[in-house]
K.L.:
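First the structure, then my questions, so here it is.
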Amino acid sequence: EAGVAQSPRYKIIEKRQSVAFWCNPISGHATLYWYQQILGQGPKLLIQFQNNGVVDDSQLPKDRFSAERLKGVDSTLKIQPAKLEDSAVYLCASSLGGLGYGSGANVLTFGAGSRLTVL
Amino acid sequence: DQQVKQNSPSLSVQEGRISILNCDYTNSMFDYFLWYKKYPAEGPTFLISISSIKDKNEDGRFTVFLNKSAKHLSLHIVPSQPGDSAVYFCAASPYSGGYQKVTFGTGTKLQVIP
């Protein structure tokens, strides 16, 4: 099966500019995640979608970050305006989601990530 | 508040020996645990998981042990191979029915020396 696709792989912008990242999850995966991974740290969940509804965005800086998942498939994460501390790898992941305790429903498949450098 | 902790940022092991990576968690609602491996410039890939109804799960060279009373889990790799050199993330999620929020630790960089 095709994996999780992300683009662009690399992006360099200046602070106060805007940037958008795109993710196409594995076909049939209901749950889509955006994680931020700062160098030397573990992935931090920004937002989680179940189909096209948001189920968790408690750690998303909503004054500058926004995300949408139209039609429950592709997703876009936008940052506007960017700050220096937004320099990180933005990882998109998907999973089957839904009921499935211990069945692998919460095994995430990650894309290769989009590395953002803010100057 | 770091709910999943990996206190060893790095580990070096000789090829053929055992690698033991440790993980501690604080949230008693966690009941499903996963290990991911990450190579540079790639996304994390799923390695092995364990649910709280078990205390051990084995898959080839990889074994995960869970000690619920201590809120501790460990990943054993035997024998270690140079290709195992990567960053390993511990992750945990509660069973919440409709969806599962997965929380990651900070990672341990494993170097297997030939």
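Chain letters run A, B, ... following the sequence lines, proteins first, then strands; residues in each count from 1.
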K.L.:
Is A:Phe21 linked to A:Leu84 within one hydrophobic cluster, defined over Ile, Leu, Val, Met, Phe, Trp and Tyr using a side-chain heavy-atom separation of less than 4.5 Å?
P.N.:
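Yes, same cluster.
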K.L.:
For residues B:His76 and B:Phe65, establish whether the separation of their ring centroids is below 6.0 Å.
P.N.:
yes
K.L.:
Residue by residue, which of residues 111-119 of chain A have a heavy atom closer than 4.5 Å to a heavy atom belonging to chain B?
P.N.:
A:Gly111, A:Ala112
K.L.:
Side chain, backbone, both or neither: which part of A:Gln6 has a non-hydrogen atom closer than 4.5 Å to chain B?
P.N.:
neither
K.L.:
Using the side-chain hydrogen bond (donor to acceptor under 3.5 Å, both in side chains) rule, pick out the option among A:Ser75, A:Ser95, A:Ser94 that qualifies with A:Tyr33.
P.N.:
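The residue from A:Ser75, A:Ser95, A:Ser94 that satisfies side-chain hydrogen bond (donor to acceptor under 3.5 Å, both in side chains) with A:Tyr33 turns out to be A:Ser95.
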K.L.:
With a 4.5 Å cut-off on heavy-atom pairs, point out which of B:Gly105, B:Ala91, B:Gly107 contacts chain A the most.
P.N.:
B:Gly105
K.L.:
Show me the donor-acceptor pairs, under 3.5 Å and distance only, between side chains in residues 38-49 of chain B and residues at least two apart or in other chains.
P.N.:
{"residue": "B:Lys38", "atom": "NZ", "partner": "B:Glu42", "partner atom": "O", "Å": "3.0"}
{"residue": "B:Tyr39", "atom": "OH", "partner": "B:Lys37", "partner atom": "NZ", "Å": "3.1"}
{"residue": "B:Tyr39", "atom": "OH", "partner": "B:Gly83", "partner atom": "O", "Å": "2.6"}
{"residue": "B:Thr45", "atom": "OG1", "partner": "B:Lys37", "partner atom": "O", "Å": "3.2"}
{"residue": "B:Ser49", "atom": "OG", "partner": "B:Tyr32", "partner atom": "OH", "Å": "3.0"}

K.L.:
With no hydrogens and no angle check, do the side chains of B:Asn67 and B:His72 hold a donor and an acceptor under 3.5 Å apart?
P.N.:
no
K.L.:
State, without any angle test, whether A:Gln50 and A:Thr31 hold a side-chain donor-acceptor pair at a distance under 3.5 Å.
P.N.:
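Distance-only check passes for A:Gln50 and A:Thr31.
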K.L.:
Quick check, are the ring centers of B:Phe104 and B:Tyr36 under 6.0 angstrom apart?
P.N.:
yes
